[in-house]
Amino acid sequence: MLMRVVLTDADIAALTQVPEEARSIVWDDTAGNGQESEFLDCWASAICNGAGELIGIFALYSRNRDKITNWPQKIVAGCVPSCAAIIERGKTRLQLSRLDRYDALTGLLNRNAVTTILKEMTLQAVGAPFALLVLDVDLFQDINNLMGYDQGDALLQTMAQRLTAQCRSNFITGRLGGDDFVVIIPNGDHDIANAFADSLTSAMREPVVINNQEIIISLSIGISLYPDDGLEIEHILNRAEMAMLEAKKTARKSFRLLGSIANDDVRARVIIGSALRKAIQDSELELFYQPQISMKNNMLYGVEALSRWHHLTLGTIPPSCFIPIAEETAQIEAIGLWSLEEACVQIVKWDKIGLHVPTVSVNLSAAHFSNPSLTEQIVNLLARYNLAANRLTIEITEGGMMQQNIETMTTLTALREIGVGLSLDDFGTGFSSLSRISHLPLTEIKIDRSFIINFEKDVSSLIVTEAAINIGKRLGVHVVTEGVEDMFQETRLRAMGCDVMQGYLFARPMPPGDLLHWMQTRSSFAS
C-alpha cells in the first residue's frame, strides 16, 4: 500500500513520545470502515534510532475481519527494532559512501572519485573528448599564514561555491587536495575550455569577505584535453597540473594549455610527475643510507637517508630530477612522511640485529614545516616504533629554513623540545645572515660539497670552508661536511676541526641490508 504522509512538528513530537500514535497518522477509522480500501484494520508504530529521533513508521495492514489474537501487535513490536537497524545501516552506508567520494570541507568530489569518473569516461566504447582544468588559488599559503587555517578553510569553501555556480549541470567539479580544484567539461575542446577558463577568471575577481576583511582572489589554471594530450588518466591530470604551474610561474591570474608551451623539458617533467604519483602509491621508492663518520673517534656518527627510485621502463631516476618535480606537483610531503616512517622501521630492524645506528637524518622540504601537525606526526611515529627522539635528525635546506615564518619557527622549536635533531643542509649556498641562523634551534650544520671540490686548486674554498666550520663551533652545533672524496680533503678538514664527514671516501649510499657488512669490514668503526 503506497501512502504519502507529511508530518508536522507536532506529529514528530507525539510519535517520539508515544510510538503507537503512528496508527492515527496512517489509518483513518472514519473512512467508511474500510469500504474504500481492501484493508480492514491497521497496527503501526513509530521507528526511532538510538538517540530517540524519528526515522520512520512501520505499519501492518490486515484484511482479516476476525481479531482473535494479539499477533499483529507482536509482529509490529518485533519488527520495529529490526527496521531501525536496517534504516540506520543504510544511512551509515550512504554516509561512508559519501565520505569515500566527497571532500569533507567543500562537498565537492575528492581526487579518488574524480579519477574513477575519468576512468569510466575513457573506457566508454566511443571515447568522447573532454577538457580537464586544474585550478590553484594564488598565494593561498600567504592567506593561511596571515589569517590562520580556519579562515583559509572558509576561503576554500567560498571558492568551491563560486566554482559550482559557474559550472553547467553536466560539468564535473572536484577538489584534488589543498587549494587545487578540478573541472571536467564533457565534449570540451580547446575553444570551450579557454572560454570557460576566461569566464571563471573574471568571476573570481569579486572580493571575498573573510573575517570582516575583503580579499581579492585569483586563480592559475592549467588545461589538458582528452584524447589529444594522452590516453592515461594520470598523464592527463599531470599535464593539467604542469600547465597550471607554468601559468603560476609566468603570470598569475592566467590559464595555460600545455600544448602551447610544451618542450622536451616540460614533456619529461609531465611523464616523470605522472610516474612518480604512481610510484608513491605503489611503494616503488626506497631509501639508501650514507654513513657519516665522527672525526673525534672514527666511529659511526649516523646515516643520511636518501630517496632512490628505479622505474621499470624509465630506469633509474636521480633525486636531482624527481625531487624538484615532487615539489612542483605537491607530492613532496607524501615522500617526506614516507621517508620518516621508513627510517623508523629501518632503525628498529638494525637494532634487532645488534647494529646500533645513533641517528638517521631525513630530508624534509620547507612545505612540511608549514604543516602544523608535523610535530605530532613525528611524535606518533617515535611512539609507534618505541624510539628515542634523538634517533631522528630532520634536515632542511638553508633556503627553506630561512623563511622563518611563524609556522616554520613554531614547528622547529617544537621538534627540538621533544629531542629531535635539526640540521641545516647545504649551508653556505643560500643567502642567509648569521644573525638569523643564530636564532634557529639547530643541532648541526652541513657544509655543501661544492665548497671542498677544489680544495687543492682554490684557496678561497679553503678559507670559506674553515670560516663555516668556525661559525658552527661558535654556534655550539656539530659541523658535517658532505662530498668528502679523497684523503687530501679529509686531512684538511681534520686540521680545520670538522666534526663529521660524509662522502665517497668512506662509503657510497647503500641499501639498508649492506650497512652491517660495511660496518664489519671497517673494524675501526665497530662498537
Criterion side-chain contact (heavy atoms from CB on, under 4.5 Å) on Val137 and Leu219, from CA distance to verdict:
CA-CA 5 Å; Val137 181; Leu219 296 175; 3.9 Å; yes

Where do Ser62 and Asp41 land on the side-chain hydrogen bond (donor to acceptor under 3.5 Å, both in side chains) test, with the steps shown first?
CA-CA 5 Å; Ser62 173; Asp41 207 346; over 6 Å; no

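Taking 4.5 Å as the limit, every side-chain heavy atom of His356 sits out of range of all side-chain heavy atoms of Trp350. Considering only heavy atoms from C-beta on, Ile47 stays 4.5 Å or farther from Ile57 through its side chain. By the 4.5 Å heavy-atom criterion applied to side chains, Tyr226 and Leu132 are not counted as neighbours. Counting only heavy atoms from C-beta outward, the side chains of Asn70 and Trp43 never approach each other to under 4.5 Å. A 4.5 Å side-chain heavy-atom check between Met121 and Ile184 finds at least one atom pair inside the cut-off. Within the 4.5 Å cutoff, side-chain heavy atoms of Tyr385 are placed close to those of Val345. A heavy-atom distance below 4.5 Å is found between the side chains of Leu515 and Val357.
Residues satisfying the side-chain contact (heavy atoms from CB on, under 4.5 Å) criterion with Asp282, sequence neighbours excluded, are Lys278, Glu284. Take Ala46 and apply the side-chain contact (heavy atoms from CB on, under 4.5 Å) test, not counting sequence neighbours, and it matches Leu15, Pro19, Leu54. Not counting sequence neighbours, Gln73 has no partner by the side chain to side chain donor-acceptor pair (under 3.5 Å) test. Applying the side-chain contact (heavy atoms from CB on, under 4.5 Å) criterion to Ala326, with sequence neighbours excluded, gives Leu276, Gln331, Ile332, Ile335. In this structure Phe322 satisfies the ring pair (Phe, Tyr, Trp, His ring centres under 6.0 Å) test together with Trp309, sequence neighbours excluded. The ring pair (Phe, Tyr, Trp, His ring centres under 6.0 Å) test applied to Phe196 returns Phe171, not counting sequence neighbours.
Ionic pairing of Glu241 and Arg111 is present here: one or more N-O contacts between side-chain nitrogen and carboxylate oxygen are shorter than 4.0 angstrom. For Arg239 and Asp228, the salt-bridge test fails: no basic side-chain N is under 4.0 Å from an acidic carboxylate O.
Ring geometry for Trp27 against Tyr61 counts as tilted: the plane angle lies between 30° and 60°, on a 0 to 90° scale.
Of the listed residues (Gln346, Gln377, Arg384), just one forms a side-chain hydrogen bond (donor to acceptor under 3.5 Å, both in side chains) with Glu341, and that residue is Arg384. The only option from Asn110, Thr106, Asp103, Asp180 that meets the side-chain hydrogen bond (donor to acceptor under 3.5 Å, both in side chains) definition with Arg175 turns out to be Asp103.
In this structure, the separation between CG on Leu133 and CG on Asn194 is 8.5 Å, given to the nearest 0.5 Å.
The 12-atom threshold is not exceeded at CG of Asp9, counting heavy atoms of other residues, nucleotides or ligands nearer than 6.0 Å.
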